[in-house]
Amino acid sequence: MSSGELPSNRALCDDGRMSRRDDLRWMRLAARLAVRGIGYVEPNPPVGCVIVRDGRAVGLGHHRVFGGPHAEIDTLRHAGDAARGATAYVTLEPCSHYGKTPPCTDALIRAGIARVVIARPDPHPDSSGGAAQLQDAGIEVNVLDGCAEATDLSEPFVMRVMRGRPWVIAKWAQTIDGRIATRAGESQWISNKRSRRLVHRWRGRVDAILTGIGTVLADDPMLTARVGKTRRIARRVVVDTDLRIPLDAKLVVTAHEAPTLVATLEHSLEAQREKAAALRRMGVELLSLQARDGKPDLPALLTHLAAECNATRVMVEAGGGLLGQLVRDDLLDEARVFVAPILLADRDAAPPVHGACIERLADAARFRLASVKRIDDDVLLSYRRLSSIGNARA
C-alpha cells in the first residue's frame with residue numbers, strides 16, 4: 001500500500017485522542033497488513049502495525065519473514081521522526097525479549113511513541129510482558145477488545161503456545177444439499193476452477209496438510225500447491241491405521257520433493273516391516289501412535305506436529321470419517337466450505353462429516369460465521385469454532 005492510499009481520519013475525541021471507532025479502524029488496517037506475513041513468518045505469529053499521528057497514518061508495516069524485523073520495527077522505519085508523540089496500533093503485544101531480533105518495546109520507547117494499542121496480549125512466556133515495560137516507560141497502553149480481524153490472526157499461534165497443538169482447518173466442497181461425493185464416490189469436480197485455485201494458495205500457506213488413507217486410495221492426491229507463489233512447502237500427513245498406503249502412491253513417490261508423514265499403529269509397523277522399510281527408503285517418515293477407538297491417536301499426532309515439526313496451521317483435506325473423528329475429539333477449529341450450485345438429492349451420497357452420535361442440538365459443536373465470499377457461482381463460507389482457545393484473551 002502506497003502512502004497515497006493511506007486512510008485519513010481527523011475526527012478526534014474532545015480531549016484530542018482517537019475514539020474507539022477510530023481505534024478499530026486503524027487496528028483493522030494493521031490486521032490487513034499482518035495477513036501478508038502468513039506463510040512466511042511461522043512459527044512466529046503474523047503481526048501488523050500502523051503508526052498514527054494527528055489522525056493520519058505515518059507508518060505501515062508487518063512482520064515479513066521469520067527471523068526478520070518484527071512489525072513494529074518495520075513500521076518505525078517508515079514513520080521516522082513522525083513516530084514521536086504518535087499512537088502505534090499492533091495486532092499483538094510488542095515483545096520485550098532478545099530473540100532473533102532485539103525487543104520491540106525498546107524501539108517503541110526510543111522512537112517516542114506516546115500510546116500503544118494492542119489487540120491481545122502475547123501468551124508466550126518468553127516474549128510477554130511488553131505492555132508492562134511500555135507502561136513503566138510512561139507510554140499509555142490499551143487493549144482493544146472487539147477487533148475480530150486482528151485476534152483471528154493470532155489464534156493459531158495462541159493455540160500452539162497454550163495447548164501445544166496446531167490450529168486445525170477443515171476444507172471441503174459440497175453441493176447445495178450438503179454432499180461431497182456421489183454414492184459411487186465421484187467428487188471431481190464439485191467446486192469450480194477458481195475455488196480450486198484458491199485451495200492451492202492455501203496449501204502454500206499452511207505447515208501441514210492432513211488426509212486419511214481412504215482419500216489416498218480413492219483419489220491418489222498430491223496435496224501440493226501448484227499455483228502462484230508458494231510461501232512454504234506443507235508436510236503431507238496421512239492417517240493410515242493398517243499401513244495400506246501403496247508404494248506407488250503420488251504422496252510416496254514425491255516424498256523427496258515435499259515432506260510426507262504416515263501416522264499408523266505400532267502393530268501395523270511390526271506386521272509390515274518390509275513395507276515400512278521400503279517407505280522409509282523412499283523418504284516417507286513413519287510415526288507410530290497408540291490406538292484411540294481403534295485408530296491412530298489424533299491429539300497425539302497434532303501434538304507431534306506442533307512439537308517436532310513446528311506446525312502452527314494444519315489444513316485437513318479428507319473424507320467425512322477423519323473429519324468426524326476430529327469433531328468428536330474437539331480438534332476442529334475452522335471450517336472453509338465451498339457450496340456449489342449442484343443438487344444430488346440422494347440420501348446415500350457422501351456427507352462432509354460423519355461418525356458422531358448427537359441426539360441433542362445442545363451437544364453439537366458450535367461455530368461462528370467469520371466470512372462469506374462469492375467465487376463465480378460457488379459460495380465460500382468460513383466458520384470458526386466458538387470454544388477454541390484463541391477466542392479467549394490470553
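Residue numbers count from 1 along this sequence.
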Answer yes if the side chains of [X] and [Y] hold a donor-acceptor pair under 3.5 Å, and no otherwise.
X: Arg236; Y: Thr260; value: yes
X: Gln133; Y: Thr105; value: yes
X: Trp167; Y: Glu155; value: no
X: Ser19; Y: Arg21; value: no
X: Asp378; Y: Ser195; value: yes
X: Arg160; Y: Thr312; value: yes

With sequence neighbours left out, the residues meeting salt bridge (charged side-chain N to carboxylate O under 4.0 Å, His left out) with Asp346 are Arg183

Can the ring centroids of Phe338 and Trp202 be said to lie less than 6.0 angstrom from one another? yes

Among Leu92, Val41, Val35, which one satisfies side chain to side chain contact (heavy atoms under 4.5 Å, CB included) with Pro46? Val41

Do Arg196 and Trp189 form a cation-pi contact, if we require the NZ or CZ to be under 6.0 Å from the six-membered ring centre and within 45 degrees of the ring's axis? yes

Shortest non-hydrogen separation from [X] to [Y] and the atoms involved:
X: Gly294; Y: Leu265; result: O-CD1, 3.9 Å
X: Ala86; Y: Ile113; result: O-CG2, 3.6 Å
X: Leu269; Y: Ala276; result: CD2-CB, 4.0 Å
X: Arg20; Y: Gly146; result: NH2-CA, 4.1 Å

[X] with [Y]: basic N within carboxylate O range, under 4.0 Å:
X: Asp330; Y: Arg385; result: yes
X: Lys250; Y: Asp219; result: no
X: Glu93; Y: Arg120; result: no
X: Asp293; Y: Arg328; result: no
X: Asp333; Y: Arg165; result: yes
X: Asp207; Y: Arg235; result: no

With a 4.5 Å heavy-atom cut-off, do Met282 and Arg280 have their side chains touching? no

Side chain to side chain, Pro296 and Thr241, heavy atoms closer than 4.5 Å: yes

Name all residues meeting the side chain to side chain contact (heavy atoms under 4.5 Å, CB included) criterion together with Ala31; count only those two or more places apart in sequence or in a different chain, and write none if there are none. Thr91, Glu149, Ala150, Leu153

Checking Arg374 now: which residues fulfil side chain to side chain contact (heavy atoms under 4.5 Å, CB included) with it, not counting sequence neighbours? Asp377

What do you reckon, is [atom1] of [X] surrounded by more than 12 foreign heavy atoms closer than 6.0 Å?
X: Leu369; atom1: CG; value: yes
X: Lys295; atom1: NZ; value: no
X: Arg273; atom1: CZ; value: no
X: Glu274; atom1: CD; value: no
X: Glu186; atom1: CD; value: no

Over 60° means perpendicular and under 30° means parallel, so classify the ring planes of His124 and Phe157, tilted if in between. parallel

The test is salt bridge (charged side-chain N to carboxylate O under 4.0 Å, His left out); show your working for Asp363 and Arg360 and say whether it passes. CA-CA 6 Å; Asp363 297 329; Arg360 302 187 312 150; 3.0 Å; yes

Take Arg368 and Asp152 through the salt bridge (charged side-chain N to carboxylate O under 4.0 Å, His left out) test and state the conclusion after the steps. CA-CA 12 Å; Arg368 64 176 173 87; Asp152 283 355; 2.6 Å; yes

What is the distance from atom CG of Leu323 to atom CG of Leu210, rounded to the nearest 0.5 Å? 8.5 Å

